[in-house]
> 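This is the structure I have questions about; it appears just below.
Whatever order the structure lists them in is the order used to number ligands and atoms, beginning at 1. Quick caveat: nothing in here was measured; it's all calculated off a predicted structure.
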Amino acid sequence: MSDRYLTLINSPFGRTVATRVGLPRPGVLRRYQLGDPVLEGPLRLGRVGADGIKGLPELLTGVGLGLVEGDSEVVSQDRDASCGVGSVSTRETGRQRWSGLVFDASAASRPGELAELRDFFAGALRRLAPAGRVVVIGRQPQGQDPVLDATRNALDGIIRSLAKELRAGATANLVLLTGDADAAALEGPLRFLLSGRSAYVDGQVLVVGALADESGVADWNQPLAGRVAVVTGAARGIGAAIAAALARDGARVIAADLPAAGEALSKVANQVGGTALQLDIAAPQAAGRLIQHAETRYGGLDLVIHNAGITRDKLLANMSVKHWDSVLAVNLEAQLLLNRALLDSGLLRAGHRLVSLASTSGIAGNRGQTNYAASKAGVIGMVRSWSSEVAAQGGTINAVAPGFIDTDMTHAMPFATREVARRLNSLQQAGLPVDVAEAVGFLCWPASSGVNGQVLRVCGQNLVGA
Ligand code: NAD
């Protein structure tokens, strides 16, 4: 399943051919390894006016970023090695490139003030390092003041367009704070979006509310220390990657999957130092068995990752009852039943996290996938609807919507369709299971209690559909 085109195009020969013939040149993504810093080089911070988010520079400095505030000269760069776009100045100052650019647009209240954003980025983007990170911070529109809301919503268009302009594995994302959220709520999202953990998250808008609790992270190499997680569909693919990422981050993991996947499941459970639970999530006794396993082995549960999923693709005109029912049963109805049982069980501890795997098919639709898209759009509806009840119990519930990820599921696609689908996103490549796993991990952090009822897409900014 390796992406030979990606490897070839990043070789000296491939680069030359691609430049001459005009082939797409996907960049090499920066992915997190245990112990990596959030960014490898300095970050530049800009803002609209003088009233930005209080404490943001201090927060960024605390995160360990080489923060530089204010204006600096526009300088030249080596076009090949940078990811900025547009004309290139010839004046070389020898300054280091920016690994990250953060712009605080939260104080913008009139469209005219957005020019300050343009001024900041027009210079700084030319010095953004390969696989650099751009994060814009705004406030969520409130539906009361048209001028204010127009200004705030404009950031959405800016970030979605900028993400399409960046090259060399760089990404751009927007964080929208709700009215009551302050700098503290930004620590988790910024640590995620600026780091290698968000390699395949691009062109997205993440709404962040105030922290629901103050429990911080003592050791950022182990942000999930002390947590007990269950991951369904953990025997392979994205589920196995989620189990590994959660365990790496300190969680104890129950790896659950069908009895038929028993051997692979035991292997995953052993690798992550967890326990294996052979469980058909669509079986009537599934919730009871899961609750019993978690209770007797661990005495409680903190993280529930609904990853198990199936596809049975057919055009709706040819869709059998069996294909329809099985996809809805596994991908949606099982989650509804399991979540209800878990929320009623008293097993979920304070600060619990429920995370469901949705799909961009559930957002944009996909030919031949009415059943699958129904199940995944249903998951999104479920997450939104349950967010208030889950918050009242001290937890959060969110969905992660992957785009095209290299797994056995997508490997079953015909060759030509797969190769085209791989390139149809701003990063011009497929994501890896670990990219989805990192997004799930971020939503599980104690520092993510301000993210609730959200759908986080891990799709490299799919160019088709939504
Ligand atoms: P996969 O087919 O490689 O793995 C799915 C796992 O779920 C398998 O181990 C399977 O045995 C298990 N499973 C299936 N039915 C089950 C059941 N009834 N009970 C327990 N376990 C069951 O799939 P993947 O590509 O790793 O996808 C994982 C999740 O991500 C799915 O929910 C999928 O819909 C979603 N997703 C994947 C992609 C992608 O590009 N691969 C894109 C969007 C969404």
Side-chain angles (χ1 to χ4, degrees), residues 1 3 200 230-245 254-269 276-287 289-290 293 304-313 325-335 337-338 355-366 369 371-380 382-383 399-413 417-418 421-422 424-425 429-437 439-440 455-460 462 464-466:
M1 273 182 284
D3 189 342
Y200 204 57
V230 60
V231 182
T232 68
R236 68 178 201 184
I238 293 171
I242 294 171
I254 302 167
D257 209 304
L258 291 171
E263 206 176 312
L265 182 66
S266 303
K267 212 167 148 196
V268 170
L277 174 63
Q278 293 190 6
L279 184 77
D280 177 352
I281 57 161
Q285 71 280 20
R289 290 197 49 226
L290 170 58
H293 183 96
V304 180
I305 317 301
H306 293 291
N307 163 78
I310 57 171
T311 50
R312 298 288 183 270
D313 297 356
D325 286 351
S326 57
V327 168
L328 269 292
V330 174
N331 294 5
L332 180 58
E333 288 171 291
Q335 294 196 23
L337 291 170
L338 282 171
V355 183
S356 289
L357 269 285
S359 166
T360 50
S361 293
I363 298 169
N366 204 11
Q369 290 200 319
N371 53 352
Y372 184 74
S375 71
K376 296 301 187 181
V379 160
I380 292 170
M382 174 191 80
V383 157
V400 169
F404 188 96
I405 308 295
D406 259 333
T407 67
D408 290 332
M409 193 184 255
T410 46
H411 203 54
M413 292 167 78
T417 316
R418 188 175 69 233
R422 262 184 170 159
L424 288 180
N425 58 74
Q429 58 196 287
L432 299 181
V434 69
D435 299 330
V436 182
V440 169
V455 182
L456 177 58
R457 283 168 53 170
V458 183
C459 66
N462 261 359
V464 179

> Flag the pair I238 / T407 as yes when at least one side-chain heavy-atom distance between them is below 4.5 Å, and no otherwise.
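The answer is yes; the side chains approach within 4.5 Å.
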> Relative to ligand 1, is I238 under 4.0 angstrom through side chain, backbone, both or neither, heavy atoms considered?
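I238 to ligand 1: contacts from backbone and side chain alike.
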> Would the number of heavy atoms belonging to other residues, nucleotides or ligands and lying under 6.0 Å from CD of Q285 be above 12?
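Check passes, neighbour count above 12.
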> If we only count heavy atoms from C-beta on, is the V436 to V400 side-chain gap below 4.5 Å?
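Answer yes - side chains close enough.
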> Just jot down the ligand 1 atoms closer than 4.0 angstrom to any heavy atom of A358, in number order.
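Answer for ligand 1: 44 (C).
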> Has D280 got any heavy atom lying under 4.0 angstrom from an atom of ligand 1?
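Right, D280 reaches ligand 1.
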> Any idea which protein heavy atom is nearest atom 19 (N) of ligand 1, and the distance to it?
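Residue, atom and distance for the closest contact: I281 N, 3.0 Å.
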> SG of C459 to CD1 of I363: how many Å apart, nearest 0.5 Å?
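C459 SG to I363 CD1: 7.5 Å, rounded to 0.5 Å.
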> Among V304, V440, V383, I242, which residue meets the side-chain contact (heavy atoms from CB on, under 4.5 Å) test with V355?
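In the set V304, V440, V383, I242, the residue that makes a side-chain contact (heavy atoms from CB on, under 4.5 Å) with V355 is V440.
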> When you measure from atom 23 (O) of ligand 1 to every protein heavy atom, which one gives the shortest distance, and what is it?
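Here the nearest protein heavy atom works out to M409 CE, 3.7 Å.
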> Does H306 have a non-hydrogen atom less than 4.0 Å from ligand 1?
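No.
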> Hey, what do you get for OG1 (T360) to NZ (K376), rounding to the nearest 0.5 Å?
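Going from OG1 on T360 over to NZ on K376, the span is 10.5 Å.
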> To the nearest 0.5 angstrom, please state how far the CG atom of D257 sits from the OG1 atom of T232.
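Spacing of CG (D257) from OG1 (T232) equals 8.0 Å.
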> Tell me the nearest of D406, D257, L258 to atom 11 (O) of ligand 1, using heavy-atom distances.
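When every heavy atom of D406, D257, L258 is considered, D257 comes closest to atom 11 (O) of ligand 1.
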> May I ask you to check if ligand 1 and P402 share an N or O to N or O distance below 3.5 Å?
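No - when backbone and side-chain N and O of P402 are compared with those of ligand 1, no distance drops under 3.5 Å.
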> Under 4.0 Å, heavy-atom basis, I'd like to know which part of T311 is in contact with ligand 1: side chain, backbone, both or neither.
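The answer is neither; T311 stays 4.0 Å or more away.
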> Mind checking the CZ-CD1 spacing from R289 to I281? Nearest 0.5 Å is all I need.
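These two atoms lie 13.0 Å from each other.
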> Using a 4.0 Å heavy-atom cut-off, which part of S361 comes near ligand 1: side chain, backbone, both, or neither?
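Contact part for S361 vs ligand 1: neither.
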> Could you tell me which atoms of ligand 1, counted from 1 in the order shown, lie closer than 4.0 angstrom to a heavy atom of L357?
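Every atom of ligand 1 under 4.0 Å from some heavy atom of L357: 30 (O), 32 (O).
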> By salt bridge (Lys or Arg N to Asp or Glu O under 4.0 Å), which residues pair with R312, not counting sequence neighbours?
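Here no residue qualifies.
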> How far apart are the closest heavy atoms of G237 and P433, and which atoms are they?
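Residues G237 and P433, closest heavy atoms: O-CB, 3.9 Å.
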> Yes or no: does G403 have any heavy atom under 4.0 Å from an atom of ligand 1?
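It does; at least one heavy atom falls under 4.0 Å.
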> So, do R422 and D406 sit near enough that their side-chain heavy atoms are less than 4.5 Å apart?
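Of all side-chain heavy-atom pairs linking D406 with R422, at least one is under 4.5 Å.
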> Considering only protein heavy atoms, which is closest to atom 34 (O) of ligand 1, and at what distance to one decimal place?
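Its nearest protein heavy-atom neighbour is Y372 OH, 2.5 Å.
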> Evaluate T410 for polar contact with ligand 1, using N/O atom pairs at a separation under 3.5 Å.
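N/O-N/O distance below 3.5 Å does not exist for this pair.
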> Which protein heavy atom lies closest to atom 15 (N) of ligand 1, and at what distance to 0.1 Å?
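Going atom by atom, the protein heavy atom closest to atom 15 (N) of ligand 1 ends up being I310 CG2, 3.7 Å.
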> Considering only heavy atoms, which of G362, G309, G237 lies nearest to atom 5 (C) of ligand 1?
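Checking each option, the heavy atom nearest atom 5 (C) of ligand 1 is found in G309.
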> Could you report the tightest heavy-atom contact between Y200 and G431, atom names first, then the distance?
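What the structure gives for the nearest pair is CZ-N, 3.1 Å.
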> Give the residue and atom name of whichever protein heavy atom lies nearest to atom 24 (P) of ligand 1, and the separation in Å to one decimal.
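Residue, atom and distance for the closest contact: T407 OG1, 4.0 Å.
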> Examine K376 against ligand 1 and note whether any of their N/O atoms are separated by less than 3.5 Å.
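Looking only at distances, the answer is yes, because the N/O contact criterion of under 3.5 Å is met.
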> For I405, which part has a heavy atom under 4.0 Å from ligand 1: side chain, backbone, both, or neither?
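Near ligand 1, I405 shows its backbone as well as its side chain.
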> Which is closest to atom 31 (C) of ligand 1 in terms of heavy atoms, V327, I305, N307?
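Heavy atom nearest to atom 31 (C) of ligand 1 belongs to N307.
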> So is there a nitrogen or oxygen of S359 less than 3.5 Å from a nitrogen or oxygen in ligand 1?
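No; the residue has no nitrogen or oxygen that sits under 3.5 Å from a nitrogen or oxygen of the ligand.
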> Among all the protein's non-hydrogen atoms, which is closest to atom 7 (O) of ligand 1, and how far away is it?
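Result for atom 7 (O) of ligand 1: G233 CA, 3.4 Å.
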> Can you confirm whether L424 sits close enough to N462 that some side-chain heavy atom of one is under 4.5 Å from a side-chain heavy atom of the other?
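No. Closest side-chain heavy atoms not under 4.5 Å.
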> For the pair S361 (side chain) and A373 (backbone), establish whether a donor and an acceptor sit closer than 3.5 Å, ignoring hydrogens and angles.
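Checked: no pair found.
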> Partners of Q335 by side-chain hydrogen bond (donor to acceptor under 3.5 Å, both in side chains), sequence neighbours excluded?
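side-chain hydrogen bond (donor to acceptor under 3.5 Å, both in side chains) list for Q335, sorted by chain: S356.
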> Is the closest heavy atom of A430 to ligand 1 under 4.0 Å?
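It does not, in that no heavy atom of A430 comes within the 4.0 Å cut-off of ligand 1.
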> What protein heavy atom lies closest to atom 4 (O) of ligand 1? Include the residue and the distance to one decimal.
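Ranking protein heavy atoms by distance from atom 4 (O) of ligand 1, first comes R236 NE, 3.5 Å.
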> Only heavy atoms count here, so choose which of L279, L265, I242 is nearest to atom 20 (C) of ligand 1.
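Result: the heavy atom closest to atom 20 (C) of ligand 1 is in L279.
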